[in-house]
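Reading through the structure tokens given below for one structure.
Note that these values count all heavy atoms, side chains included, but never hydrogens, waters or copies made by symmetry.
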Amino acid sequence: MQTIQHINIDDTLNSGQVFLWERNGRFWYGIDGQKIIRVGQNPFEVSSSSPADNYFREDDDYDSIKKELSRDRTVRNAIQAFPSLRLIRQDPFQCLVTFIVSSNSNILRIRNNLGKLCRRFGKKVQFDGKSFCLFPEPKQVAETPVKDLLDCGMGYRAKHVKAAAEAVSSGALELDKLKELDYHSAKDQLIQIAGVGNKVADCILLFSLEKTDAFPIDTWMLKVLRKYYSKQFEISSKTITEKQYDVLHQRLVSYFGEYCGYAQQFLFKMERDINQKKWF
DNA sequence: TACTAACCTGTACG
DNA sequence: ACGTACAGGTTAG
């Protein structure tokens, strides 16, 4: 006998994947593209303003993924600490904007930037007796002057956000089609967008485009790799070059397997919590 | 090809 | 309080 869903909402929503969630009493409410999602923990339940299919990747064989990843001692410890931490399946456009905005920023600021963007340009809706602002659609952002995006506090990222929205809105970048491609083909297209480099692309691929073999390598992952994996993945420099990133990713995939993105999420959550970093 | 500094600006820390 | 450094990186040179 086992519980219906192995999903710890607090851990999952506070692991750096999503930024537009808020707790209200027994429930958490979040913005995902053109819908509002509500989740409660005991008992676990999800409802939404329009169908949100498998937002928490309920369709993954979670137990067998964890079992496979547990071959590694460090990931096994992280899984033990956060046994119901899930990867989230996000709206691709929101995810694209989110991680462009995230570059060289911090979590609280990212949250504030995105919140302002929604309040200023997103459609206002009612759900569960409360009012919310949806994430603005690509066309809406594409038509917004950079000046107004700057008011959201995005700084130099504002022009990248607008350009990305233009690419999506014009059809030059078809996000949904990237889901059908393999990791490298999809990544090649994402990298074309200004403001999207290796790390940001990997976040978008992992969190919204079905690429569980993506492994975003940020400063925290470098810290983790140095601390626990100095033997397997030696990292000498303070930062890594594009080439080193690619080589490292390849080795991470062959070490952790096709679900290495999950390993990244467990490790990231563990290390941030150890360092008592605030999520919101 | 590899390495550096500059980049907007809100928070965090002293 | 008030200044200074840093932040889930990317890019131009």
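For A:Ser105 and C:dG9, the shortest distance from a side-chain N or O to OP1 or OP2 is not below 4.0 Å.
Note on A:Phe268: a base of the nucleic acid sits closer than 4.0 angstrom, heavy atoms only. Within 4.0 Å (heavy atoms only), A:Asn198 reaches sugar-phosphate atoms of the nucleic acid but no base atom. Among the heavy atoms of the strands lying under 4.0 Å from A:Gly155 is at least one base atom, whether or not backbone atoms are also near. Backbone-only contact: A:Ala194 has heavy atoms under 4.0 Å from sugar-phosphate atoms and none from a base. Counting any heavy atom pair closer than 4.0 Å across all strands shown, A:Ser15 reaches a base atom. In this structure, A:Gln17 reaches the bases: a heavy-atom distance under 4.0 Å links it to at least one base atom across the strands shown. Across all strands, A:Gln244 comes closer than 4.0 Å to no nucleic acid atom at all (heavy-atom distances).
Between A:Asp151 atom CG and B:dT9 atom P the separation is 10 Å, expressed in whole Å. As a whole-Å value, the separation of A:Asn104 CG from C:dT11 C1' is 12 Å. Separating the CG atom of A:Asn113 from the C1' atom of C:dA7 is a distance of 12 Å, rounded to the nearest angstrom. In this entry the distance linking CG of A:Leu114 with P of B:dG10 reads 15 Å, nearest Å. For A:Asn106 and B:dC8, the CG to C1' distance is 12 Å, given to the nearest whole Å. The interatomic distance linking A:Met154 (CE) with B:dC7 (C1') rounds to 16 Å, in whole Å. Computed from coordinates, the A:Trp220 CH2 to C:dC6 P distance equals 14 Å when rounded to whole Å. Going from atom NZ of A:Lys159 over to atom P of C:dT10 covers 14 Å, rounded to whole Å.
Checked against C:dG9, B:dT11, B:dA2, the side chain of A:Thr219 finds its nearest nucleotide in C:dG9. Of the candidate nucleotides C:dG9, B:dC3, B:dT11, B:dC3 has the atom lying nearest to any side-chain atom of A:Thr241. For A:Val200, whose side chain is taken as the heavy atoms from C-beta onward, the closest listed nucleotide among C:dT10, B:dA2, B:dT11 is C:dT10.
A ring-centre distance under 6.0 Å is found for A:Phe99 and A:Phe207. Less than 6.0 angstrom separates the ring centroid of A:Phe132 from the ring centroid of A:Tyr29. Centroid-to-centroid, the aromatic rings of A:Tyr262 and A:Phe256 stay 6.0 Å apart or farther. Close placement of the A:His249 and A:Tyr183 rings is indicated, their centers lying within 6.0 Å of each other.
Annotation: B:dA6 and C:dA5 have their C1' atoms spaced 15 Å apart (nearest Å). A distance of about 13 Å separates the P atoms of C:dG13 and B:dC8, rounded to the whole Å.
No donor-acceptor contact under 3.5 Å links the side chain of A:Arg109 to the base of C:dC6. Between the side chain of A:Tyr245 and the base of C:dG9 there is no donor-acceptor pair of N/O atoms closer than 3.5 Å. Residue-to-nucleotide contacts include no donor-acceptor pair under 3.5 Å from the side chain of A:Arg157 to the base of B:dC7.
A side-chain donor-acceptor contact under 3.5 Å links A:Arg157 to the backbone of A:Asn104.
Side-chain contact between A:Lys162 and A:Thr144: absent, with no pair of heavy atoms (C-beta onward) separated by less than 4.5 Å.
Of the residues near DNA chain C, A:Gln265 and A:His160, the one whose nearest nucleotide (by heavy atom distance) lies more toward the 5' end is A:Gln265.
The nucleotide C:dG9 finds its pairing partner in B:dC7, both defining distances of the Watson-Crick or G-U wobble pair being shorter than 3.5 Å.
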